[in-house]
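First the structure, in the form of structure tokens, and then the observations on it.
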Amino acid sequence: MKKVLRFVLMISIITLFITACSNSYNEMIDGFNGKYFSLTPTPPIEKSINDSGFNQETMLEVRYTFIEGYESTLPAPLGGASYSWKKMKHDGTFEEPALCEERIFTFVPEESFEINAETKLVLTVTNEAGTEYIDTTIIVILNRE
């Protein structure tokens with residue numbers, strides 16, 4: 001008799017569990033993701049040299065790491081009349097010509113930067129009045145292998 005009661009109790013618990021969890025695993029995950037995450041990409045926050053509280057030392061991150069052979073992009077703040085992205089040599093001078101003179105520097109890091117080494121990159125943004133805003137970052141290119 002005890003065995004029969006245990007069997008009936010176990011069947012009841014399993015049935016209750018199955019009916020209580022009627023959602024599939026994927027539905028459960030989709031419900032969680034929909035509640036806490038947006039499936040629409042948010043646009044990047046655009047900085048501008050004309051923003052109140054703008055600080056030239058925050059135009060770039062301190063360091064960027066990219067993978068060799070993959071296209072990479074670095075944006076400069078809006079509002080400049082001219083832009084210049086230059087590599088800094090070890091002696092503190094700049095390599096000429098500039099790597100890019102556009103607001104958005106898009107590149108494939110193969111020839112421009114040493115692999116597995118730190119390279120200083122300097123961004124200069126000049127406004128219409130001729131005021132220069134300068135920031136420096138470190139670029140590291142990692143070998144895929």
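What you are looking at is a predicted structure, and each value in this text was computed from that prediction instead of being measured.
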Between side-chain atoms of residues 114-128 and protein atoms elsewhere (two or more places apart, or another chain), which donor-acceptor pairs fall under 3.5 Å?
residue	atom	partner	partner atom	Å
Asn116	OD1	Asn143	N	3.3
Glu118	OE2	Arg63	NH1	2.8
Asn127	OD1	Ala129	N	3.0
Asn127	OD1	Gly130	N	3.0
Asn127	OD1	Thr131	N	2.9

Can you name the closest pair of heavy atoms from [X] and [Y] and give their distance?
X      : Y      : answer
Gln56  : Asp135 : O-CB, 3.2 Å
Glu102 : Cys100 : N-SG, 3.3 Å
Ser84  : Ala98  : OG-CB, 3.7 Å

Handout entry: Heavy atoms of other groups near Glu57 CD, more than 12 under 6.0 Å
Key = no

Problem - Distance (rounded to the nearest 0.5 Å) between Glu95 CD and Lys89 NZ - result: 6.0 Å

Handout entry: Between CE on residue Met88 and CD1 on residue Ile139, distance to nearest 0.5 Å
Key = 12.5 Å

Handout entry: By side-chain contact (heavy atoms from CB on, under 4.5 Å) - contacts of Ser52 (at least two apart)
Key = none

Problem - Thr137 side chain to Val62 backbone, donor-acceptor under 3.5 Å - result: yes

Practice task
Give a yes or no on whether the backbone of Ile134 and the side-chain of Thr136 come within a donor-acceptor separation of less than 3.5 Å.
Solution key: no

Problem - Ring centres under 6.0 angstrom apart (Phe113, Phe66) - result: no

Exercise for the section: State which residue, out of Tyr83, Tyr64, Trp85, fulfils the ring pair (Phe, Tyr, Trp, His ring centres under 6.0 Å) condition with Phe105. Expected result: Trp85

Problem - ILVMFWY network linking Phe54 to Leu74, side-chain heavy atoms under 4.5 angstrom - result: yes

Exercise for the section: Decide whether Ile141 and Leu99 are clustered together by the hydrophobic rule: side chain heavy atoms of Ile, Leu, Val, Met, Phe, Trp, Tyr closer than 4.5 Å, transitively. Expected result: yes

